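Read the structure below first, then the notes.
Keep in mind that what you see is a predicted model, and the values were worked out from it rather than measured.
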Amino acid sequence: MTGGTPEGEGELVATHPSVLLDHYRVPHVQRPGQSGLPAGLECAFVERAGTASARVIWVDTTRRPGRRHQGRFTVAGCSVAGVVATDPAERLLPGRSWTLLHEVCSPAGTRLAAVWVDDSGDVLLPFDPGAVLQGLWSEAYLSLGLAARARRTLRRAAVAGYYAMRPLVPRALQLSLRRRLAHGQQLPSFPAWPLETGLHDLCDWFLMLLATTTRWPVPWIAPWPDGLSWALVLTHDVETEAGYRSREALRGPERAASLVSSWNFVPERYELDPGAYEEIDADGCEVGVHGLRHDGRDLANRRLLDRRAPVMREYARRWGAEGFRSPATQRRWDLMPRLGFSYDSSYADTDPYEPQPGGSCSYLPFFNRDLVELPITLPQDHTLFEILGHQDGAVWVAKSAEVRRRGGMVLALTHPDYAHGPALGAYRQLLDAVSGDPTAWYALPREVAAWWRDRAASAVVRSGVGWEVEGPARSRAVVRLTSHDQMTV
């Protein structure tokens, strides 16, 4: 599908690879070493008939020596985490006259650095937006600073100990301990729960800043195909044989609402009926792999994963499964691509209550190398009802409405093992709230992963009527424009 207008002649040039530009599929060419800037400074600008526009310049703190802040910061109303160069603009890029554009502050409001603009219109950011994006997806922000790294190391050891001891602890005692911990803990301010918007706010702000600085409407590929504005993905983890036998408690209401879902099974914990996965496929749903034994050890280390991953992939081959979810949503960014699946759905956008708390801060899919990550964007049923004691689906309904308004992906994780009492009524409440919307893409996880791959393999190009998409997403993609005064479709 075409979109936009022929306005804005020129070509966007970036001096270095940009995770953010690639994520949005913003058309640009890379010209390393042609910026004339000191080492460690990168930029993007629009070239029109041999003349360059004003530039957006950012600091690569991995290559630029100097003082820095590691951790939370706010800029232009966006609350995120990353590495910020705290040297003044005159030291980062001397010989210019700089004017303050935005302060960059700590969570307490203390000024750390600033975004500056000079007399030529160049804008200087003291951080790399793409690096911030990558750091949030990968949860690297949880290890920024010595104290944070120490806390994360201790937390990993605690999680390993928890799973080692869990088989010896009665289920009732496990739940009692987790409830006490959850009700006594102080929720982190970042990522906020139940919704964190900082990552997406920062991306929107950066695209607007780029459009304003370069005077070039920035085209990009919309997240969803066919002009649809948001996506709903329903997933279920089946932890026990009892859950396997009671899956109709969730599937029945879905079927009544004409919705489909995925079902993640544990291959070596219980037996599936012969042909079960064929029946699920015939019902319009899909099957995924939920670890090997649900013992919390699949991602314990690389050696064990490399032994288990081929076994899990063999089950996936038998079942026709393409996706994976780790038991208890355990995850390690460096190991997840070694699973060998098309997609993974083990990251939440935000979840402080899991044994491994944190979150990717994203309500859109993203890539970890060649693995598509589909973040869980609604709080888990086990968290809401078994741990926190909620009595209805108000949190689900409210968050799904906001993610829907923002054009994101509402991805729910529920368990037939817990489909009783308030949880079951709340699930029906959620389905009533999200079904029947003609602007929604009601999709299976494998369909979203396939679309995200097609989108990533496609490019926005100029045509006689504006912009169009070339590549495997051509027939379904929509081009959007971000300009300094408005966003158009």
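By the salt bridge (Lys or Arg N to Asp or Glu O under 4.0 Å) test, R302 is found to be paired with D306, residues two or more places apart in sequence or in another chain being considered. Contacts of D432 classified as side-chain hydrogen bond (donor to acceptor under 3.5 Å, both in side chains), with partners at least two apart in sequence or in another chain: none. In this view, H290 and H294 satisfy the side-chain hydrogen bond (donor to acceptor under 3.5 Å, both in side chains) rule, not counting sequence neighbours.
Taking 4.5 Å as the limit, every side-chain heavy atom of V289 sits out of range of all side-chain heavy atoms of L339. Inter-residue side-chain proximity for L411 and P375 is flagged as unmet; no heavy-atom pair is nearer than 4.5 Å. You'll find the side chain of L124 reaches within 4.5 Å of the side chain of W98, heavy atoms only. Counting heavy atoms from C-beta on, the side chains of I57 and E42 never come closer than 4.5 Å.
Here the two rings, on F265 and Y315, have centers that are 6.0 Å apart or farther. A centroid separation of less than 6.0 Å is found between the aromatic rings of W205 and H102. Ring centroid separation for the pair Y141 and F190 comes in under the 6.0 Å cut-off.
Checked by atom type, the side-chain pair R446/Y343 shows no donor-acceptor distance below 3.5 Å.
The aromatic rings of H23 and W137 sit perpendicular to each other, their planes meeting at more than 60°, with 30° as the lower class boundary.
Looking at R338, R308, R332 one by one, the single match for salt bridge (Lys or Arg N to Asp or Glu O under 4.0 Å) with D298 turns out to be R308.
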